[in-house]
Amino acid sequence: MTDVAEILIPLALDTAYSYVVPEGLRLAEGDVVQVPLGPRETVGVVWGLAHTAGGSNLRPVTGRVDAPPLSEPLRKLVDWIARYTLAPKGSALAMVLRLPDEAAARETARVGVRVSGKTPARATPARRKVLEAAADGALHGKSALAKAAGVSLGVVDGLIDDGALEAVAVEPEAVAPPPDPDHPRVPLSDAQEAAAIALIAGPGTALLPAADPNPAGPGAGSLSRAGEGASRGSGESLAHAEPAAPGPVLLEGVTGSGKTEVYFEAVAHCVRAGRQALILMPEIALTAQFLDRFAARFGVRPAAWHSGVGGRRRERLRAAVAAGEARVVVGARSALFLPFRKLGLIVVDEEHESAYKQEDGVHYHARDMAVVRGRLEGCPVVLASATPSIESRVNAERGRYRHVRLPERFGGRRLPDIRAIDMRLDGPERGRFLSPPLINAVKANLAAGEQSLLFLNRRGYAPLTLCRACGHRYRCRNCSTWLVEHRFRKALVCHQCGYAEPRPQACTECGTFDNLTACGPGVERIAEEVSELFPDRRIIVLSSDFPGGAERLRLELEAVAAGECDIVVGTQLVAKGHNFPHLTLVGVLDADIGLTSGDPRAAERTFQLLQQVTGRAGRGERPGRALVQTYQPTHPVIAALLSGDAERFYAEEVAAREAAGLPPFGRLAALIVSAAEREAAEAQGQALARTAEPPPGAMVLGPAEAPLALVRGRYRFRLLVKTERNVDLQSYLRDWLARAPKPRGSVRVAVDVDPQSFL
DNA sequence: AGCACGCCGACT
DNA sequence: GTCGGCGTGCTC
């Protein structure tokens with residue numbers, strides 16, 4: 001009898017490989033091991049163990065790796081994700097198993113220096129300056145000290161060698177200081193308190209009285225002190241170590257209703273119960289502002305996990321998570337794969353955000369994977385949004401998710417007054433983009449000393465450039481899109497693939513000089529118009545191509561939030577993440593952008609975006625105003641926005657999808673095919689997306705129905721696939737692809753499906 | 001992911 | 001005549 005281990009290797013391999021377990025090595029599922037693979041050694045994870053009779057020709061496991069084993073829920077998650085996303089198992093494993101990378105391990109621990117008291121053998125002026133700067137006896141960073149003394153690092157090193165300074169290893173700052181769930185805080189409103197209790201306690205639990213009969217100052221609400229609920233004898237209590245009710249909950253609250261504070265209570269409860277909490281956010285929303293709000297509630301900033309956290313810090317945080325020391329992690333989508341030891345809660349903030357979709361490598365939707373991980377870990381998953389996705393809403397309506405609502409703004413604040421400006425009646429002058437009513441509103445707002453936002457979801461100066469002499473339109477050489485003029489960069493840029501070329505002086509087609517014309521508006525052009533209208537006002541353009549990089553952008557966002565600006569011209573960047581407390585007027589410049597894109601989620605996305613951006617208007621208790629320029633004031637999206645009737649919009653949207661034969665929660669697959677493949681198929685008179693019968697009940701939105709996007713030489717098809725509940729979509733698609741005449745090259749399929757139907 | 005094999009274009 | 005481009009395939 002031989003012991004054989006099935007080892008999954010974090011490479012694009014779909015099956016685990018078998019190795020012999022050498023004599024004396026005791027392995028368990030989940031253990032991280034080293035194995036030979038071809039000419040080299042790799043790490044892998046024990047996915048299964050078996051005995052077989054007879055000597056085998058398998059290679060042996062080299063040995064165990066000193067790393068915490070992969071928990072069972074995490075292994076199941078890997079299997080699930082691989083199956084669900086049609087990715088190789090090894091690729092799914094790679095997302096979880098980012099081993100301590102060597103570069104990070106080699107990073108030396110930071111060294112600090114302090115005066116030893118010994119006088120240096122030689123005292124040069126430079127040395128004296130250093131010793132003066134370090135005279136306080138405290139620990140100084142080496143380079144910081146050199147800089148403070150105005151000398152080079154060599155002087156400091158010299159003093160260390162001399163013994164006048166002693167080098168001490170700096171205790172690295174804590175990656176994850178413990179949050180205090182009972183930190184004094186601002187009391188919740190009745191509505192928030194009720195929502196928080198519903199979130200934690202689950203269905204069928206009697207609510208505590210919303211108002212505290214014996215208020216004892218801040219922090220004494222019924223949720224703040226463990227055990228108090230019981231002492232008041234008001235039915236079910238949220239006892240100290242009682243875990244929150246598992247399963248997904250949709251926490252829906254209008255902008256400004258204080259959702260964050262509500263789920264913070266669920267986080268606090270989870271921490272009190274001795275378990276870990278994960279708060280997922282779209283990368284863009286992971287701001288200092290949010291971390292400060294967390295600190296205000298819990299006394300410390302949370303451990304943050306995102307692409308910007310690198311090196312040693314990343315590894316130490318991962319270790320703290322695995323050890324269960326990091327109690328709360330706030331992170332972007334990749335944080336979902338951290339090896340939590342005892343996960344007690346996942347919050348997905350802004351759950352409707354498309355940034356949760358990972359579109360390269362393993363394609364997944366972090367919100368859906370969070371639901372799956374929550375299920376596997378047996379913990380609750382809170383999906384929070386002011387504008388939930390259709391699928392989450394449908395799931396809530398059908399009782400698969402619990403639904404907790406915060407229908408009102410916090411502190412009696414009212415929602416903004418939203419009005420349409422019908423561009424067919426009140427349109428701007430030729431070549432202009434601001435309508436007279438909007439200009440007047442901005443004027444009035446400025447006169448009142450208030451901040452305004454002009455929102456246009458289009459970066460750059462103009463979305464299309466053409467030659468007036470020959471009519472040539474500038475398009476991307478890789479993509480099917482027009483090149484967007486960026487006047488600040490003096491370039492024509494493709495917004496699909498990033499291709500850029502300098503803006504030509506003469507038409508590249510006919511050679512005519514200075515006869516190119518910009519068509520349509522982008523934020524840069526709007527800013528130009530605004531500065532002509534209000535020349536002495538402080539105007540700023542905020543979009544993702546803000547010059548000076550992310551750090552300057554962050555500072556600008558803070559300056560705007562502090563009120564240091566009169567008019568903001570911005571793209572969707574301003575609709576997300578940052579709050580602007582001084583903003584009282586929002587002007588939407590082209591509400592119709594995106595409504596005709598052919599994307600099956602166009603209406604939903606536009607509605608969410610417009611609702612978020614108009615919701616930014618309002619200051620303290622004063623309601624704000626929003627003016628929406630549109631050519632289609634009766635379009636369902638615009639009408640819903642104006643009436644504030646989200647319910648109706650969602651109902652209509654679901655009905656429309658059903659009428660079109662589409663499921664309410666999209667089963668969306670993307671088929672990515674190279675341009676050459678498609679041309680080859682078309683040469684044979686076939687449209688590639690239709691070369692095989694789609695799976696039963698599937699609809700394919702291909703060349704005939706929707707314009708294809710051509711990105712970096714690859715066509716992107718969208719397949720909307722309708723299947724029965726509990727049917728294995730993966731086999732459908734595999735089968736379908738197998739039957740399609742497969743041209744050379746890879747055909748990748750990504751699935752973006754409601755995960756609940758496959759659990 | 002690495003690393004080999006393999007089949008066509010411009011070079012010491 | 002070879003060097004080298006990256007497409008394809010394999011690793012228990």
Side-chain angles (χ1 to χ4, degrees), chain A residues 1-65 67 70 75 78-79 81-82 85-106 307 310 314-315 318 334 337 358-364 478 497 672-681 688 711-715 734 737-738 740-750:
Chain A
M1 288 295 267
T2 326
D3 281 334
V4 171
E6 299 297 317
I7 309 294
L8 189 60
I9 294 160
L11 298 177
L13 301 166
D14 205 25
T15 50
Y17 284 171
S18 310
Y19 290 85
V20 178
V21 183
E23 208 66 44
L25 184 64
R26 306 257 314 154
L27 290 180
E29 290 188 358
D31 282 353
V32 184
V33 292
Q34 196 181 82
V35 288
L37 184 70
R40 61 189 191 281
E41 294 280 322
T42 338
V43 290
V45 175
V46 179
W47 226 246
L49 290 162
H51 300 286
T52 45
S56 61
N57 47 355
L58 299 172
R59 300 173 78 177
V61 173
T62 310
R64 199 196 303 273
V65 168
L70 231 62
R75 277 177 279 137
V78 167
D79 281 335
I81 289 178
T85 64
L86 305 178
K89 265 188 193 178
S91 304
L93 176 65
M95 300 196 295
V96 171
L97 198 75
R98 292 278 147 73
L99 284 178
D101 76 270
E102 291 180 24
R106 267 188 275 109
S307 55
R314 196 176 182 88
E315 291 319 316
R318 170 187 292 281
S334 63
F337 304 107
Q358 170 93 83
E359 309 243 57
D360 45 45
V362 179
H363 295 230
Y364 65 89
N478 310 321
C497 72
I672 298 158
V673 178
S674 78
E677 289 158 20
R678 185 183 170 226
E679 277 150 28
L688 190 81
V711 180
R712 270 171 254 180
R714 301 202 152 234
Y715 282 98
R734 277 231 169 110
L737 283 173
K742 196 173 158 193
R744 288 132 97 26
S746 53
V747 175
R748 284 154 69 205
V749 173

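This one's a predicted model, so the numbers in the text were calculated from it and none came from an experiment. Sequence lines set the chain letters: A, B, ... in the order given, protein chains first and strands last, and positions in each chain run from 1.
Think of the region where chain A sits on DNA chain B: with heavy atoms and a 4.0 Å cut, that region ends 5' and 3' at B:dA1 to B:dG2.
For the pair A:Lys89/A:Asp79, a side-chain contact is recorded, criterion being any heavy-atom separation below 4.5 Å from C-beta on. At least one side-chain heavy atom of A:Leu93 sits under 4.5 Å from a side-chain heavy atom of A:Leu70.
Between atom OG1 of residue A:Thr2 and atom NE2 of residue A:His51 there is a gap of 10.0 Å, rounded to the nearest 0.5 Å. Rounding to the nearest 0.5 Å places CG of A:Leu37 at 5.0 Å from OH of A:Tyr19.
Residues A:Glu6 and A:Ser18 come closest through the heavy atom pair OE2-OG, 2.9 Å. Residues A:Ile81 and A:Ala92 approach most closely at CG2-CB, 4.4 Å, considering heavy atoms. Counting all heavy atoms, side chain and backbone alike, A:Pro88 lies closest to A:Ala12 at CB-C, 3.8 Å.
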* **Secondary-structure string, 5' to 3', Watson-Crick or G-U under 3.5 Å, | for another-strand partners, for DNA chain C** => |||||||||||.
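A:Thr15 pairs by the side-chain hydrogen bond (donor to acceptor under 3.5 Å, both in side chains) definition with nothing, not counting sequence neighbours. For A:Glu41, the side-chain hydrogen bond (donor to acceptor under 3.5 Å, both in side chains) partners are A:Thr62, not counting sequence neighbours.
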Pairs of donor and acceptor atoms involving the side chains of residues 24-31 of chain A, under 3.5 Å and at least two apart or interchain, shall be tabulated with distances.
from	atom 1	to	atom 2	distance (Å)
A:Glu29	OE1	A:Arg75	NH1	3.3
A:Asp31	OD2	A:Ala28	N	2.9
A:Asp31	OD2	A:Arg64	NH1	2.5

Tabulated below should be each protein N or O lying under 3.5 Å from an N or O of nucleotides 9-12 of chain C; please produce it.
from	atom 1	to	atom 2	distance (Å)
C:dT11	O3'	A:Gly38	N	3.0
C:dC12	OP1	A:Pro36	O	3.4
C:dC12	OP1	A:Gly38	N	3.2
C:dC12	OP2	A:Arg59	NH1	2.7
C:dC12	O3'	A:Ser18	O	3.0
C:dC12	O3'	A:Arg59	N	3.3
C:dC12	O2	A:Ser18	N	2.8

